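A quick write-up on the structure given underneath.
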Amino acid sequence: MNRVLIITGSTGMAEATALLASQQGDSVFIAGLDESSCRELSQRIPGADYSAGDLREERTSEQAVYRCLRRFGRIDGLFNVAGISGRRFGDGPLHECPADGWETTMAVNVRTMFLMSRAVLRNWMDNHQPGAIVNMASVAAFSPEPHHFAAHAYAASKGAVVSLTLAMASYYARHHIRVNAIAPGLVRTPMSLRAQRDEEILEFMKSKQPLCSVLEPGDAAEAALFLLSDRARHVTGTILNVDGGWAVS
């Protein structure tokens with residue numbers, strides 16, 4: 001029996017995970033902001049479905065879970081990928097970060113994860129069903145880089161993801177619900193275009209991420225799907241670095 005996975009977001013690491021999950025035989029439900037992007041991705045995946053809307057809103061997350069259950073009858077896993085860098089909202093060193101940029105970054109990166117996880121957990125708890133959640137953290141949460149990647153709202157939001165992941169894992173383990181996170185370094189996604197286009201940063205990344213100066217979305221996808229799978233059935237409360245060596249360089 002294949003798994004039914006909800007994946008938030010429709011580009012970058014979310015897109016790579018959705019495509020790889022389908023290739024592995026899983027059923028995929030996409031929840032994201034942009035209608036056309038969600039529709040286009042779902043059309044590339046046999047049997048997939050989607051729900052589009054602002055995941056910062058309670059109604060949107062609840063609707064996504066309802067539509068997934070109506071389409072597939074159950075949910076086995078949730079991958080909370082949707083997020084932003086915050087730079088276009090002014091994120092940077094704390095003394096330069098506007099309050100609305102801070103709030104937007106925290107809302108997109110943390111509130112969406114909270115609302116989607118809550119909606120899925122309520123279904124699992126009501127039905128005494130096991131499940132697995134993987135959250136999108138970042139190596140920036142615990143291994144800051146002050147020169148090229150001083151985005152403090154983003155780092156704080158990913159620190160919150162780490163803390164909430166551990167708290168959830170501790171509480172829900174007795175209900176056979178696993179909660180883990182992946183912490184990528186620099187990945188080749190639409191969100192990281194600034195860094196990808198900066199020759200100085202790319203040169204710096206050769207030593208900062210010595211295993212792979214810019215990771216591919218599929219690298220994160222493989223890690224996430226492992227944590228969602230039965231191969232990781234005894235793994236919970238883990239923050240898995242997928243960072244090319246960033247944290248130890």
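A quick note: this is a predicted structure, and the numbers were derived from the prediction, not measured. Residue numbers count from 1 along this sequence.
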Residues passing the side-chain hydrogen bond (donor to acceptor under 3.5 Å, both in side chains) test with E35, sequence neighbours excluded, are Y50

Within a radius of less than 6.0 Å around CG of D126, do more than 12 heavy atoms belonging to other residues, nucleotides or ligands occur? yes

With side chains defined as the heavy atoms from C-beta onward, is the minimum distance between F204 and H147 less than 4.5 Å? no

Give every donor-acceptor pair under 3.5 Å between a side-chain atom in residues 110-124 and any protein atom, sequence neighbours left out.
from, atom 1, to, atom 2, distance (Å)
R111, NE, R56, O, 2.6
R111, NH2, R56, O, 3.4
T112, OG1, V108, O, 2.4
S117, OG, N80, ND2, 3.0
S117, OG, M113, O, 2.8
R118, NH2, E58, OE1, 2.6
W124, NE1, I75, O, 2.8

Report yes or no: do I239 and F79 belong to one cluster of Ile/Leu/Val/Met/Phe/Trp/Tyr joined by side chain heavy-atom distances under 4.5 Å? no

Pair T165-N135, side-chain donor/acceptor within less than 3.5 Å: yes

Which class fits the ring pair F29 and F72: parallel under 30°, tilted 30 to 60°, perpendicular over 60°? perpendicular

Please examine the side chains of W102 and L94, heavy atoms only from C-beta on, and report whether any two atoms are closer than 4.5 Å. yes

Do E103 and F89 come within less than 4.5 Å of each other through their side chains, counting heavy atoms only? no

Report yes or no: do V179 and I6 belong to one cluster of Ile/Leu/Val/Met/Phe/Trp/Tyr joined by side chain heavy-atom distances under 4.5 Å? yes

Heavy atoms of other groups near H176 NE2, more than 12 under 6.0 Å: no

Give, for atom CD of E15 and atom SG of C38, the distance between the pair rounded to the nearest 0.5 Å. 11.0 Å

Are L164 and M125 in one and the same hydrophobic cluster, where Ile, Leu, Val, Met, Phe, Trp and Tyr link if side-chain heavy atoms are under 4.5 Å apart? yes

Check for a donor-acceptor pair, side chain of S85 on one end and backbone N or O of M191 on the other, with a separation under 3.5 Å. no

Cation-pi, F226 ring and R178 (6.0 angstrom, 45 degrees): no

Report all side-chain donor-acceptor pairs from residues 212-225 shorter than 3.5 Å, counting only partners two or more places apart or in another chain.
from, atom 1, to, atom 2, distance (Å)
E216, OE2, R188, NE, 2.9
E216, OE2, R188, NH2, 3.2
D219, OD2, E216, N, 2.9

Aromatic Y172 / basic R174 pairing, under 6.0 angstrom, 45° off normal: no

Minimum side-chain heavy-atom gap L78-L5 below 4.5 Å: no

Quick check: is W246 connected to V242 through a chain of hydrophobic side chains (ILVMFWY, heavy atoms under 4.5 Å apart)? no

Mind checking whether N109 and K158 have side chains closer than 4.5 Å, heavy atoms only? yes

Side chain proximity check, M205 to K208, heavy atoms < 4.5 angstrom: yes

Surrounding CZ of R197 (heavy atoms of other residues, nucleotides or ligands, distance under 6.0 Å), is the total greater than 12? no

Under 3.5 Å donor-acceptor, Q196 side chain and T189 backbone: yes

Could you see if Y154 belongs to whatever hydrophobic cluster contains F149? Use Ile, Leu, Val, Met, Phe, Trp, Tyr and a side-chain cutoff under 4.5 Å. no

Measure across S37 and S10 and return the closest heavy-atom pair with its distance rounded to 0.1 Å. OG-OG, 2.7 Å

Is any side-chain heavy atom of L41 closer than 4.5 Å to a side-chain heavy atom of L19? yes

How close do E145 and H148 get, heavy atom to heavy atom, and via which atoms? OE1-N, 2.7 Å

Going by heavy atoms in the side chains, are D91 and I84 under 4.5 Å from each other? no

Please check this pair: side chain of D26 against backbone of V4, looking for a donor-acceptor N/O pair closer than 3.5 Å. no

